Amino acid sequence: MKIIILPNKKFCKYGKILKFNNLYKENLCNFLLNNNININNNCGGFGKCSSCSIFINEGFSFFEIKDLKLNYVLSCQFYKLNFNIIISIL
């Protein structure tokens with residue numbers, strides 16, 4: 001499976017495709033950091049600062065999150081990823 005990161009001047013100038021098997025133990029923010037995508041993570045992954053927010057462009061319909069608004073999610077709180085997804089880092 002893969003995560004497609006759309007180009008962003010600040011975080012990923014040309015975009016990137018990251019391949020993975022399953023992300024069950026690691027959150028998306030740590031996975032991005034471990035793959036040299038320097039996403040903001042001001043609170044250390046506790047979900048308190050919203051600096052690691054991402055926009056889910058495609059792949060949104062494959063999971064359910066209560067109170068998800070406008071396809072935005074905190075990457076530090078996003079676990080159990082087992083499908084293709086296209087994201088924009090905010």
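Just so it is clear, the model here is predicted, and its values are computed rather than measured.
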> Partners of Y79 by ring-ring contact (aromatic ring centres under 6.0 Å, His included), sequence neighbours excluded?
Replying inline: none
>> Looking at S53, is its backbone amide N or carbonyl O close enough to the side chain of S75 to form a donor-acceptor pair, meaning the two atoms are under 3.5 Å apart?
In response: no
> Measuring from I85:CD1 to N57:CG, what's the distance to the nearest 0.5 Å?
Replying inline: 9.0 Å
> With a 4.5 Å limit on heavy-atom distance, are the side chains of K16 and I37 in contact?
Replying inline: yes
> Between atom SG of C29 and atom CD of Q77, what is the distance when rounded to the nearest 0.5 Å?
Replying inline: 9.5 Å
Show me the donor-acceptor pairs, under 3.5 Å and distance only, between side chains in residues 1-10 and residues at least two apart or in other chains.
{"unit_1": "N8", "atom_1": "OD1", "unit_2": "K10", "atom_2": "N", "d": "2.8"}
{"unit_1": "N8", "atom_1": "OD1", "unit_2": "F11", "atom_2": "N", "d": "3.3"}
{"unit_1": "N8", "atom_1": "ND2", "unit_2": "I89", "atom_2": "O", "d": "2.6"}

>> If you count every heavy atom of other residues, nucleotides or ligands that lies below 6.0 Å from N21 atom CG, does the total exceed 12?
In response: no
> Do I86 and V73 belong together in a cluster built from hydrophobic side chains that touch within less than 4.5 Å?
Replying inline: no
> Can any side-chain N or O of N35 pair as donor or acceptor with the backbone N or O of F31 at less than 3.5 Å?
Replying inline: yes
> Quick one: does E26's side chain have a donor or acceptor within less than 3.5 Å of a partner on K80's backbone?
Replying inline: no
> Taking atom CG of L32 and atom CG of N27, what is their separation to the nearest 0.5 Å?
Replying inline: 9.0 Å
>> Could you report the tightest heavy-atom contact between C76 and G45, atom names first, then the distance?
In response: CB-CA, 3.6 Å
> Above 12 or not: heavy atoms from other molecules or residues under 6.0 Å from CZ of F20?
Replying inline: yes
> Could you give the distance from CG (N38) to CG (L33), rounded to the nearest 0.5 Å?
Replying inline: 7.0 Å
> Is there a side-chain contact between S50 and L74 (heavy atoms, below 4.5 Å)?
Replying inline: yes
> Measuring from L90:CG to S88:OG, what's the distance to the nearest 0.5 Å?
Replying inline: 7.0 Å
>> Nearest 0.5 Å, please: how far is CG in N42 from OG in S51?
In response: 3.5 Å
